[in-house]
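Notes for the one structure printed next.
The figures that follow rest on heavy atoms only: side chains count, while hydrogens, waters and symmetry mates do not.
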Amino acid sequence: MLSPAQIDQFNTRGFCVLERAMSPQQLSSVRTAADELVKATVNGEPYPPSYLREGETYGAINKSSRLFFSNRCEHFPGFEAFVKGELVAAIARDLLGPNVFLFNEQVVVKAPRHGDSFAWHQDSGYVRFKHRAFLTLWCALDDATRHNGTVYLIPRDLRKETTVAAHEWEENGSNLVGYRGTEHGEMIEVAAGSIVAFSSLTMHRTGANNTDRPRRALVCQYSAEPLLRPETGRPQNRATRVPVMAAN
């Protein structure tokens, strides 16, 4: 699926970009799901999570005009077919190895003019036990630019830099922060349907949405093995082997 140059960039810089990787049908399906999720929340009838972590219940998370919808894909066949399908599995196999498990999926919508930025962090910072680094696919559902809150990444040589920084929640609890230095990182501007693939060890953030339209993105994450909680031996989140859905 990926070229040798893309794989080398991922290993030596912590990320690579797949321009317009989603088919028009895939992009339309996930966009429709994002819009339906927002609509349901506004109407006070949000879709419940289709997958719950052990002992937890939760709904849409609203943080300063950013909406996060985790684990809703089973409500939308086209959305589910994408996050469990062959395209993402092929990307993950190239970067993780032959075994691929869906770990998490989340739609993120930043409101127009008010969609705040997201602080520097590593996705591994959210997993509070030792684990093998996993893969994040940041899928742009709209053209992602410096103006509407695209993703920024700090390059990292994954062959040498394997540590997870100490992360702390901001006082208001809205952001988990793993870096407060002066590094600006690399801004990634991509067309809708493009995928930014990066390691859970790669420090990244997103900017604010200063445009008059919502900025929609899908974050789906894959691991080479189930991430099991040491105290229970049960999965931290999902542990669904992919692909399980036919390509669409």
Side-chain angles (χ1 to χ4, degrees), residues 1-23 26-27 30 82-83 85-106 108 117-127 131-146 148-165 167 178-179 181-207 215 217-225 227 242-243 247:
M1 180 67 198
L2 302 183
S3 69
Q6 288 172 315
I7 295 172
D8 182 69
Q9 182 186 22
F10 182 87
N11 290 328
T12 59
R13 309 197 73 227
F15 69 93
C16 64
V17 178
L18 292 78
E19 296 280 358
R20 301 182 187 273
M22 300 174 71
S23 71
Q26 290 169 335
L27 180 57
V30 183
F82 176 71
V83 301
E86 176 57 34
L87 173 64
V88 293
I91 296 169
R93 283 195 296 266
D94 283 347
L95 300 175
L96 296 175
N99 298 315
V100 178
F101 297 83
L102 173 63
F103 171 62
N104 185 47
E105 47 89 356
Q106 183 177 72
V108 183
S117 59
F118 205 90
W120 287 113
H121 66 282
Q122 297 163 291
D123 288 336
S124 278
Y126 285 89
V127 181
H131 61 279
R132 181 174 172 179
F134 52 94
L135 172 68
T136 295
L137 301 183
W138 192 90
C139 307
L141 304 183
D142 300 293
D143 293 346
T145 72
R146 70 190 69 197
N148 70 356
T150 195
V151 65
Y152 294 70
L153 304 106
I154 298 178
R156 163 181 290 244
D157 190 333
L158 299 175
R159 302 167 303 174
K160 303 174 183 178
E161 302 174 73
T162 60
T163 58
V164 179
H167 286 64
Y179 177 70
T182 58
E183 174 66 59
H184 295 294
E186 293 194 18
M187 178 182 61
I188 309 297
E189 291 187 303
V190 292
S194 300
I195 298 175
V196 185
F198 54 89
S199 169
S200 64
L201 298 175
T202 302
M203 199 72 70
H204 61 285
R205 70 175 184 89
T206 59
R215 193 233 65 190
L218 166 66
V219 177
C220 42
Q221 297 171 318
Y222 302 89
S223 58
E225 59 191 18
L227 274 62
V242 295

### Query
So do Trp138 and Leu153 actually touch side chain to side chain, heavy atoms under 4.5 Å?
no

### Query
Are His204 and His121 side-chain neighbours, meaning at least one heavy-atom pair lies under 4.5 Å?
yes

### Task
Drop me the distance from Glu19's CD to Ile195's CD1, to the nearest 0.5 angstrom.
11.0 Å

### Task
Spell out, as yes or no, whether a donor-acceptor pair under 3.5 Å connects the side chain of Asp142 to the backbone of Ala192.
no

### Query
Is there a side-chain contact between Ile91 and Tyr222, using heavy atoms and a 4.5 Å cut-off?
no

### Task
Nearest 0.5 Å please: distance from the OG1 atom of Thr150 over to the CZ atom of Arg205.
10.0 Å

### Message
Just so I know, are the side chains of Val108 and Thr206 near enough to count as touching, which here means a heavy-atom distance under 4.5 Å?
### Response
no

### Query
What are the two closest non-hydrogen atoms of Leu158 and Ser199, and how far apart are they?
CD1-CB, 3.6 Å

### Task
Could you tell me which non-hydrogen atom of Tyr152 sits nearest to which non-hydrogen atom of Gly207, and how far apart they are?
CE1-N, 4.2 Å

### Rounded distance (nearest 0.5 Å) linking atom CD of Gln26 with atom CG of Leu218
11.0 Å

### Task
Show the numbers, then the answer: is there a side-chain contact (heavy atoms from CB on, under 4.5 Å) between Arg93 and Met1?
CA-CA 9 Å; Arg93 283 195 296 266; Met1 180 67 198; over 6 Å; no

### Query
Which pair of heavy atoms, one from Leu27 and one from Ala140, lies closest together, and at what distance?
CD1-O, 4.0 Å

### Atom pair CZ/SG of Phe82 and Cys220 - distance to nearest 0.5 Å
5.5 Å

### Summary
Heavy atoms of Ser200 and Gln122 approach each other most closely as O-CB, 3.4 Å

### Task
For Ser124 and Val164, indicate whether the former's side chain and the latter's backbone hold a donor-acceptor pair under 3.5 Å.
no

### Message
Within the 4.5 Å heavy-atom criterion, are Phe198 and Asp123 side-chain neighbours or not?
### Response
yes

### Message
One pair to check against side-chain contact (heavy atoms from CB on, under 4.5 Å): Thr163 and Arg156. What are the steps and the verdict?
### Response
CA-CA 11 Å; Thr163 58; Arg156 163 181 290 244; 4.2 Å; yes

### Task
Find out whether Leu201 and Glu161 are in side-chain contact, i.e. whether some heavy atom of one side chain is under 4.5 Å from a heavy atom of the other.
no

### Message
Regarding Thr136 and Gln221, do their side chains bring together a donor and an acceptor under 3.5 Å, going by distance alone?
### Response
yes

### Query
For the side chain of Asn11 and the backbone of Ile7, is there at least one donor-acceptor N/O pair under 3.5 Å apart?
yes

### Task
Mind checking the CG-CG spacing from Leu18 to Leu137? Nearest 0.5 Å is all I need.
8.0 Å

### Task
Measure the shortest side-chain to side-chain distance between Glu183 and Met203 over non-hydrogen atoms and say whether it is less than 4.5 angstrom.
no

#### Entry: Gap separating the SG atom of Cys16 from the CG atom of Leu95, nearest 0.5 angstrom
5.5 Å

### Query
Do Val242 and Phe101 have side-chain heavy atoms sitting under 4.5 Å apart?
no

### Query
How far apart are the closest heavy atoms of Trp120 and His184, and which atoms are they?
CZ2-O, 3.5 Å

### Task
Could you walk me through whether Leu2 and Phe10 pass side-chain contact (heavy atoms from CB on, under 4.5 Å), step by step?
CA-CA 10 Å; Leu2 302 183; Phe10 182 87; over 6 Å; no

### Query
Under the side-chain contact (heavy atoms from CB on, under 4.5 Å) criterion, do Asn99 and Glu225 qualify, and how do the steps go?
CA-CA 7 Å; Asn99 298 315; Glu225 59 191 18; over 6 Å; no

### Summary
Closest non-hydrogen contact found for Val190 with Ile188 is CG1-CG2, 3.6 Å

